[in-house]
Protein chains: 2
Amino acid sequence: MTEFAGVTIKKAANIYFDGKVTSRVVTFPDGTVKTLGIMLPGDYEFGTEKPEVMEILAGELTVQLPGSDEWVAVKGGETFEVPGSSKFKLQVASVTDYCCSYID
Amino acid sequence: MTEFAGVTIKKAANIYFDGKVTSRVVTFPDGTVKTLGIMLPGDYEFGTEKPEVMEILAGELTVQLPGSDEWVAVKGGETFEVPGSSKFKLQVASVTDYCCSYID
């Protein structure tokens, strides 16, 4: 799916880490929510309440998932999942375009 | 208007200037197109084919419009217009969230 049709997009961006991470909220007719975002190179820690599926559209990064010491490489075309009520760390190596789906 | 409903959003971002400027394309039911984007601090020159209305949602910048030597300050809540088939320069002072409307 290269585009989302019939959706609602919030105009204002979410801006984190001095703008090095930004995203916009897209709401689907069934009420589900995704964010489309950009991460510039850097090291970040995020927290999430809901479980997430992170689809990397472009870019290169490594992720340390909660409860793991391991850093896993992820690149454009790949996906990783984050459990709810958790924190995870990212090391972004090149400009990363992503789509994050929140799972209810 | 704080959100756009019933629109189509292209999933992949447009990425310029090593990710310091990024945007996503939103298409409306009547075929009109807007981009929602982020600019990090820096100096940029853009070209546009269609006339544009740039609405600054947040941030601070100055703009030099085509044919002018003057730099005009623009900030969140303000708008400027760019004629078609032209180039314009921006000096972005703080992370800037914008909505660009292309005029047919």
Side-chain angles (χ1 to χ4, degrees), chain A residues 1-44 53-61 75-79 90-101, chain B residues 1-44 53-61 75-79 90-101:
Chain A
M1 198 179 339
T2 60
E3 60 184 31
F4 298 132
V7 297
T8 296
I9 183 162
K10 198 178 161 202
K11 213 167 155 187
N14 301 313
I15 299 175
Y16 310 101
F17 300 104
D18 292 328
K20 292 179 73 181
V21 177
T22 57
S23 69
R24 290 185 208 263
V25 177
V26 178
T27 306
F28 288 72
D30 66 359
T32 58
V33 172
K34 298 182 194 293
T35 54
L36 289 166
I38 295 284
M39 297 186 287
L40 297 193
D43 295 351
Y44 309 105
V53 177
M54 278 284 280
E55 178 188 359
I56 306 305
L57 304 171
E60 286 178 88
L61 65 157
K75 64 180 190 304
E78 297 179 345
T79 292
L90 298 180
Q91 294 179 329
V92 175
S94 70
V95 181
T96 292
D97 186 12
Y98 71 87
C99 177
C100 180
S101 300
Chain B
M1 197 178 343
T2 61
E3 61 184 28
F4 298 130
V7 298
T8 295
I9 183 161
K10 198 177 159 203
K11 212 167 157 188
N14 301 313
I15 300 175
Y16 310 101
F17 299 104
D18 292 328
K20 292 179 74 181
V21 178
T22 56
S23 69
R24 288 183 210 264
V25 177
V26 177
T27 306
F28 288 71
D30 67 359
T32 58
V33 173
K34 298 183 194 291
T35 55
L36 289 167
I38 294 284
M39 296 185 288
L40 297 194
D43 295 351
Y44 309 106
V53 177
M54 278 284 281
E55 178 188 359
I56 305 304
L57 304 172
E60 287 177 87
L61 65 158
K75 64 179 192 300
E78 298 180 343
T79 292
L90 298 181
Q91 294 179 328
V92 175
S94 68
V95 181
T96 293
D97 186 12
Y98 71 87
C99 177
C100 180
S101 300

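Every chain is numbered from 1, with letters handed out A, B, ... down the list of sequences.
Both the backbone and the side chain of B:Leu36 come within contact range of chain A, each with at least one heavy atom under 4.5 Å from a heavy atom of that chain.
Annotation for A:Lys11 and B:Glu55: closest pair NZ-OE1, 2.9 Å, computed over non-hydrogen atoms.
When B:Thr2, B:Thr27, B:Val25, B:Asp18 are compared by the number of non-hydrogen pairs under 4.5 Å with chain A, B:Thr2 comes out ahead. Considering only heavy-atom pairs separated by less than 4.5 Å from chain A, the leading option among B:Cys99, B:Ala58, B:Ala13, B:Pro29 is B:Ala13.
In this structure, A:Thr22 and B:Asp97 have side chains that are not in contact, with every pair of non-hydrogen atoms separated by 4.5 Å or more. Between A:Ile9 and B:Val7 there is a side-chain heavy-atom pair separated by less than 4.5 Å.
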Practice problem: List the steps, then state whether side chain to side chain contact (heavy atoms under 4.5 Å, CB included) holds for A:Ile38 with B:Arg24. | Solution: CA-CA 10 Å; A:Ile38 295 284; B:Arg24 288 183 210 264; 3.8 Å; yes

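Distance OG1/A:Thr96 to CD1/B:Ile15: 8.5 Å, rounded to 0.5 Å.
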